[in-house]
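Some notes on the structure that comes next.
Indexing begins at 1, ligand by ligand and atom by atom, following the structure's order. Because only heavy atoms are used, hydrogens play no part in the values below, and waters and symmetry mates are left out as well, while side chains stay in.
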Amino acid sequence: MAELWLTLADLPEQGREVHIADQSVWKDPVHEFQIQASIAVPLTARLFLLPGPEGLLVRGDIAGQVQMPCDRCTRNVRIDLEAGFEVFEAYAPEEQEGQGAEGLITDRQGTPELNAAELLWEQFLLALPTKPLCSETCRGLCPKCGQDLNDGSCSCDSEGSDPRMAVFKNLKIKS
Ligand SMILES: [Zn+2]
Ligand SMILES: [Zn+2]
């Protein structure tokens with residue numbers, strides 16, 4: 001997992017905008033967690049950090065393009081990412097230290113720092129479609145022979161009708 005820490009020590013009261021274009025923030029965990037996605041157009045992120053008395057407000061967005069396999073036919077689909085988000089992160093309370101419940105803000109050598117890599121990774125995952133489709137009308141793969149039905153019907157289709165429907169053929173409606 002890539003590391004990217006933003007120090008909060010010298011944040012001005014009115015906040016600060018940070019731009020991130022280091023692809024390893026997304027590329028490393030995509031590889032590490034074997035996510036079915038690759039970056040097609042480099043991602044860029046903007047983070048606006050606004051400090052408050054209780055915590056940090058992070059407003060931001062991620063833009064770029066990823067490539068993912070279609071959920072039905074497995075063909076590669078390019079997906080435009082344009083995700084805005086707003087996260088409030090409380091300053092790490094002392095008693096949580098060492099309990100494994102680590103937030104996005106950690107005290108590092110006496111300075112509070114934001115784990116920007118973790119934040120941007122979480123937001124990237126949230127922005128990915130759970131069922132990417134090459135097209136709304138994608139016909140998918142034949143469950144029997146695996147043929148891509150977008151390329152045309154396979155022979156499984158044309159071999160007679162559904163056997164379950166044959167029962168109804170012989171039904172006669174009594175009048
Ligand atoms: Zn498809
Ligand atoms: Zn088939």
Side-chain angles (χ1 to χ4, degrees), residues 1-6 17-49 56-89 100-104 114-175:
M1 189 101 181
E3 299 236 346
L4 180 63
W5 294 90
L6 300 176
E17 190 168 271
V18 184
H19 292 238
I20 292 143
D22 180 357
Q23 300 305 299
S24 63
V25 167
W26 300 284
K27 263 190 185 160
D28 288 7
V30 158
H31 182 74
E32 190 181 331
F33 300 113
Q34 298 182 337
I35 306 288
Q36 295 277 321
S38 62
I39 297 169
V41 170
L43 305 176
T44 52
R46 279 185 307 178
L47 295 178
F48 183 73
L49 312 176
L56 178 76
L57 184 69
V58 185
R59 224 178 278 135
D61 54 58
I62 303 175
Q65 200 180 59
V66 294
Q67 192 167 281
M68 295 177 80
C70 171
D71 190 55
R72 292 184 197 154
C73 71
T74 73
R75 276 188 218 195
N76 276 327
V77 193
R78 283 179 165 237
I79 295 148
D80 288 319
L81 281 193
E82 185 71 68
F85 52 88
E86 193 172 286
V87 187
F88 179 80
E89 191 66 26
E102 222 171 285
L104 291 172
L114 174 71
N115 189 345
E118 182 68 35
L119 171 73
L120 289 171
W121 171 243
E122 285 174 6
Q123 294 303 324
F124 171 80
L125 283 183
L126 288 174
L128 288 185
T130 48
K131 288 185 185 298
L133 293 179
C134 63
S135 143
E136 285 296 322
T137 57
C138 174
R139 299 175 67 207
L141 304 177
C142 170
K144 283 186 199 158
C145 71
Q147 149 118 356
D148 187 338
L149 297 175
N150 298 304
D151 293 336
S153 305
C154 56
S155 45
C156 309
D157 265 353
S158 50
E159 270 173 22
S161 52
D162 191 324
R164 287 166 299 179
M165 294 305 284
V167 177
F168 297 105
K169 272 187 189 164
N170 301 323
L171 274 185
K172 279 177 187 154
I173 297 165
K174 286 173 189 165
S175 52

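At the Zn ion (ligand 2), the vertex angle linking SG of C154 with SG of C145 is 110° (nearest 10 degrees). Geometry at the Zn ion (ligand 2): SG/C156 and SG/C142 form an angle of 110°, nearest 10 degrees. With the Zn ion (ligand 1) as the vertex, SG of C73 and SG of C134 span 110° to the nearest 10°.
Atom OG1 of T44 sits about 9.0 Å away from atom NE2 of H19, to the nearest 0.5 Å. Interatomic distance, T130 OG1 to L125 CG, rounded to the nearest 0.5 Å: 12.0 Å.
When all heavy atoms of N150 and R139 are compared, the pair lying nearest together is OD1-N, 3.0 Å. Across every non-hydrogen atom of W121 and W26, the tightest pair is CZ3-O, 3.7 Å.
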